[in-house]
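Below is one structure; the comments refer to it alone.
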Amino acid sequence: MAKKKTLKQQDFQKKKLKVGKPKQAASNATDTSFVAKTIHLPNQTKLTSTNDAEADLLRRLSLCKHHSEITRKETLIYLQVAVPRVIHGQVASRLMSACIPLMCDPNKHVREELLKLLDVVGSCDANTMRLYMRPLVLFMGSAMTHISAGVQRDSGRFLQCVLRHAGHELVRAAWVKMLRGLCNVLGWPLRGAASASAGAGSNVVSMHKNRALQHQNLQALADFIRLGCAEPAAAALAGCAAPALYAKYLLPDCPQPYSHLKLFVREFPADTAAAARPLHELDTLVCEDAATRRDVFLGHFRPVLAAQLPSLVKDGGDCGRVAANLLQLLDHVQQAAA
Amino acid sequence: MTSQVVPLSTFVQHLESCEGYEFRTMIKMLASPAYAKQQLLKDELSVFMAKVLKLLRSKDDYQVWKGCHIATVFCTYNPVVLCSFGGELMGILYRALEDATKYYGDSVQTEQRKVMVRALVKTLDTLMDLIRGKPSLTREALTPHLSAIIPMLISFGRCEPNLSLPVIKKLLSKHSTTFRPHVGKLKQLLTELYGHYQSLDPVTRKVVCDTAAYLHLTQKPGNNANEHQAHHKSFPDEHWRAGLFSVLSQFGPVVRLWGEILDIGSDENLARLLETLPRDTANDTSPLLPALTVDINKPVTLWHISARLEQLTDMVESFIRLPTLFPTRIPLGELVKVSEILLSLTTNYLPLKRGLRRDAALTGSIRSALPETQLQGIRLLRCLSDHIGKNLITYMPAILSSMELFIPLKDKKTSIDYQKCVDLQNGLLQLTALMNSIAQHLGHKVEEMSLAIKLVDICAYIIEHKQNLDSAFSSTSGTAKAAGGAKKKEYKAKTGSMSDLFSHPHKFLHPVPLENYTVVNTYYNMALTHWKLPSTQQAKITKYCIYYSLSFKEKLGYIPQTFIELLNTIVLFPGKDRFSILPIAVHLLKETGDPVFDVLCNPKLPLEMIQIRRQPTSSEDDTATSEAEEYAAPADQDDEHLSDDEHTTVDDGVATNAVMGLNNLVSSETLRSEQDSALETQHPEQARTSNLVPDEASEGREDARIFKKRSSSDEQDPPSKRTRAVAAQTPVPAAVPVDNGEPESDDGSDFEIPEIELSDADEE
């Protein structure tokens, strides 16, 4: 206390003016002594096309964070054209890390353009998408739990896009997370949710407002489950050049083959804060094999789906059709597990 | 001989005075076979032995100790001495020991005297071992003394059971008839020892139980059979079996004590098992156990139940473990039943009795005593699995399901209670060790994987515990808070600073002994090789192995052997993972190298693995109908008339065909063996063959002879199609034949000949 007081006193101390010495500058005085010919504002440079495509691209990437949604959209459209040229270069990593966060962009058109861009990236080089699985999952999860309803609704389309190009990686890396997120988007409360009724209510309202998009999310869920619960033997290994016998011992042909081991991830004890989240006991599972994924799905998610889908089927329309397909799929999965 | 070794007379002079290094050297020299001669017996040897006997008779402890060692060494290596002086030594040793032990407890005990007595007992034991089995020596030297030695050892057993009981145990098994009169005394001694069983050290406990088991060797089988059953052929192990059953029958009453506390009636199966436990048999020579005092008002006395069960398990183990002269019938069903009952006593599934007072002390002691009881079941099973092995297979389902009962569960849930696992660490490691022991009999056939998977999780938790910085931090702060909460001021005044707990929590970790890692690693090894684990567990094991291999490598400078084995297993059995961790494992073992990884990285596959049978397509092939696998076949020999363009086209054909067969199995470097030079010589010859049948042998006759010779000389590396293919892929420089003259290409001199021919072909 005593020390504080002295500090305070110092502030109010009056400096004595002395003869022959200049007046002391005020503490809030602005120094205006500099002289400059130009002022450089990096985010307002005039963009001119040059021969160096990569440098050109790099300059435009910063516009992904531009405040104007039109600029963001224009940038993404430009990138769609540029991607095939640079996808194997070093710029690709900058591009991905700049664009992926736009999944949670408030503007609908920006998200649409991003979807197109991701599709282009996936079709040009699926491995780039595999490499960026972690940020993709991170932002998809963020979109699925986003406060804005539009962002939430569009998350299913992003999921479908990633499924198309790097589906096996996605189901391995984020099986539980995505299922949980989709259930959240569709407004279905999960067992063990802390405030199930409250959380579901708001979602149901937002979902009913825009039913047209619900079937997209349902379709995404169906695709996701279909891919995750099927044995990868036929699909994945067909693309692999080496026979299955020794394929495991050859150099991996996909990026980050050991990411599921989490060798460089520091894990905190699970039972401190996570206990409140729904299905927190699934957090530590590694869903690398189809059997585990099936078990998790049948044990924790199937009952939820089985309870919600019949009412959607009754409503009919696009949603009803997809829901009926999904119900069939559930039976298939059950049979495969048995 | 006299010129080469120090004569015994020299030793005689120094015998009493020598000590230290001198004595050690002398003893070493006495082991020489040079002294085992009958001529020496008359003069030198008898004088020397008289001196040794004098040493043993001496009052000085040190002299007796020296005498003991000389007697042991001399008798062991010198049959002449053993035969001539064995009896006399036995007598003197017995007398010395009797003197020393008579007032053992009363007289002042110095460390020196204890060492001397130990030396005397050991020497007597060695001497008896040496004499036993030699007919006349036994008759003259051993048998007369035994009747005196046995009671002396028994009475000495009261003071030093760990010294005398091993000797008694041996005498019981080797001289059971001579021992019979002293059985009563021994039984009394054992009863006394059973009285303070818990205060004995583990080794002595084991020997006490062994001796008690061997007591059943002393009576003849069928001794107390009824008269009208006497004509039945009795088994030799009748008595032994009776002893085992008498111990087993004592489990019943003790276990039923738990029935007063746990509601056993709620599990019908367990209640029925408990009813069928063996009942007490009247005739028995086993020493008696003291009465058990258990008072529910003094909850700590509940621990006596576990202590008694531990003792009983020790006793049963001795019956199972010890070797006998006759084959024994072991009541497997009963033993498994006992262990099953012991393991079922858990609060996981059995509720406490309804009327029981619920205070913290009582429930706490019940919860702490029950796992100890279960642990005895695990120990029993472990012993059975180690000694009986595959005979347990029929009981496996029951054993495995009861083993799962040991795993602590959360109250009214099916998930594992990891907090309790920490307290039961030791027991769970024993469970894992039991699983390791059982699994080698079990093989791959396990329907129920839940125990295996749970054990993987538990092992991972146990081994991580107190190592993980985060958990240690939260736990220490938690305890500090709990301790500091109550009477903060007084507490602060009385105790030292607690700041270390918060500032240096990592200094308070318990080190995990290496044995724990060994048990866990063995289990993981076994689990990975036998079963296909779910990816969660597989990833857990992999991460654990990589993490600890690396940390051991950094801390100790080497990776312990069990971790290397585990790394090997993980690489070879990747389970459901997409890729094995071969690159990581190889990197970890970069310095030391590992044969398995070496092979995986540089595959040296058996050559001629791919064999292409020749298909007879045209009539011209009839001339050369040799099989493709027989490399060198006699064929037409005008190789010299080859044209260069022919040569190249055929080369391509050979290459593509063979490469297709190879399917990128091998890299070209690995296959560029020493034979390359020889194989390159084959190109011109192959030019004659058609593209479709590239491996048709049509070499010159001389070549054929040479290659036959070579393939017979070293069979490991016969020249093959594949090697040839690789050779064909790599362009052959013109200078190669000159290089081939190097001696490293072959040990034989035959190889120069084809090279000369090749150069001829090239010139054309």
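By convention in this document, chain letters (A, B, ...) are assigned in the order of the sequence lines, proteins followed by strands, and residues within each chain are numbered from 1.
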Are any non-hydrogen side-chain atoms of B:Gln538 and A:Glu288 less than 4.5 angstrom apart? no
With a 4.5 angstrom heavy-atom cut-off, which part of B:Leu582 approaches chain A: side chain, backbone, both or neither? both
Engaged part of B:Ile584 at the chain A interface, taking heavy atoms whose separation is under 4.5 Å: side chain
Minimum heavy-atom separation for B:Phe573 to A:Tyr249, with atom names? N-OH, 4.5 Å
Does any non-hydrogen side-chain atom of A:Asp289 lie less than 4.5 Å from one of B:Asp577? no
Tell me, do A:Leu263 and B:Thr542 make a side-chain contact under 4.5 Å, heavy atoms counted? no
Apply side-chain contact (heavy atoms from CB on, under 4.5 Å) to A:Thr284 and B:Thr536, showing your working. CA-CA 8 Å; A:Thr284 52; B:Thr536 310; 5.7 Å; no
Using the side-chain contact (heavy atoms from CB on, under 4.5 Å) rule, take A:Arg172 and B:Ser535 through it: C-alpha gap first, then chi angles, then the decisive distance, then the call. CA-CA 10 Å; A:Arg172 278 164 194 271; B:Ser535 49; over 6 Å; no
Within 6.0 angstrom of A:Arg94 CZ, more than 12 heavy atoms from elsewhere: no
Using only atom types and a distance under 3.5 Å, with no angle test, would you say the side chain of A:Tyr258 pairs donor to acceptor with the backbone of B:Ser580? yes
Any donor-acceptor N/O pair, B:Lys540 side chain to A:Val286 backbone, under 3.5 Å: no
Would you indicate whether the side-chain heavy atoms of A:Leu251 and B:Phe579 approach each other to under 4.5 Å? no
